Amino acid sequence: MKLVKLIANLGYGSRRDVTAMFREGRITDPDGEVLYADDKVPHADIHVDGEPLDPPPGLVIAMHKPVGYTCSTRDPSRLVYDLLPPRFRSRNPLLSTVGRLDRDTSGLLLFTDDGQLLHRIISPKASVPKVYEAELAEDLRGDEAVLFAAGTLLLDGETTPLVPAKLDVLGPRQARVAVTEGRYHQVRRMFAATGNAVIALQRSAVGGLRLDDLGLDAGEWRALSADEIARVFGTGG
Ligand code: URA
């Protein structure tokens with residue numbers, strides 16, 4: 001692919017903008033030597049304004065989503081995209097969130113521009129567990145694990161029961177829940193079905209990829225390596 005198109009597709013500007021950037025000498029190799037639009041150079045050897053070019057398509061980003069941000073590209077409230085460089089919103093192919101977390105849920109949020117990968121993570125058939133730690137308003141009753149594992153739990157207003165989910169008790173008002181579906185407000189509604197309420201919810205893992213292993217504080221993000229992406233589909237050890 002021609003350099004102008006490659007760089008424009010990464011959201012740095014229109015092809016006309018990127019052509020101007022070449023003319024202005026803003027696109028260089030790692031030693032600062034100016035590159036020209038018809039040069040043939042590996043992706044890793046391209047710098048823009050002295051910074052390495054963003055990763056090519058196939059990008060997967062992990063973010064530690066803070067509470068108060070919405071997983072949407074258009075919403076009057078603060079958006080998870082506001083935490084990324086603005087050009088990431090103009091990439092082609094588009095960078096989407098892998099499923100959604102509620103505005104009031106924090107934790108591990110993935111983004112990718114790889115539609116097949118996204119589907120493999122969110123499809124209930126793929127059975128990649130999404131793990132949440134919930135703090136509850138009331139003490140657990142004691143039968144939640146059995147209820148969630150039964151495969152018969154109906155959420156309010158729905159007609160298809162949830163597939164079995166795993167609950168581990170972490171304390172009288174604390175639980176870890178692993179679900180493979182991604183229904184609207186699912187974990188909050190599962191506890192609502194038991195007469196309880198979630199007062200804080202954090203996603204701690206997607207498959208074998210654990211937030212705690214990524215070294216990200218709330219609001220931070222980074223691109224994942226191939227090994228880290230593979231962990232989504234493994235047990236995480
Ligand atoms: N379940 C919820 O209730 N909220 C989320 O953000 C994710 C799962």
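Quantities reported herein were computed from a predicted structural model and do not represent experimental measurements. For ligands, and for the atoms within them, numbers begin at 1 and follow the listed sequence. Values below: every heavy atom of this structure, side chains too, minus hydrogens, waters and symmetry copies. Residue numbers start at 1 and run along the sequence shown.
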Check your understanding: Going by the atom numbers of ligand 1, which of them fall below 4.0 Å from some non-hydrogen atom of H185?
Key -> 1 (N), 2 (C), 3 (O)
Exercise for review: First locate atom CZ of R15, then atom CG of L6, and finally report the distance between them rounded to the nearest 0.5 Å.
Suggested key: 11.0 Å
Review point. Does the N or O separation between T105 and ligand 1 drop below 3.5 Å for any pair?
Key: yes
Review point. For ligand 1, is any non-hydrogen atom under 4.0 Å from V179's backbone (N, CA, C, O), its side chain (CB onward), both, or neither?
Key: neither
Check your understanding: Are any non-hydrogen side-chain atoms of F233 and I121 less than 4.5 angstrom apart?
Key -> yes
Review point. Given side chains that start at C-beta, do those of T112 and L59 come closer than 4.5 Å, heavy atoms only?
Key: no
Review point. What residue and atom, counting heavy atoms only, is the protein's closest point to atom 1 (N) of ligand 1, and at what distance?
Key: V187 N, 3.0 Å
Exercise for review: Within a distance under 4.0 Å of any heavy atom of D102, pick out the atoms of ligand 1 and give their elements.
Suggested key: 2 (C), 3 (O), 4 (N), 5 (C), 6 (O)
Review point. Side chains of T70 and S77: donor-acceptor distance under 3.5 Å anywhere?
Key: yes
Review point. Which atoms of ligand 1 sit under 4.0 Å from any heavy atom of Y132?
Key: 7 (C), 8 (C)
Check your understanding: Which heavy atom in L108 sits nearest to a heavy atom in R203, and how many Å separate them?
Key -> O-NE, 2.8 Å
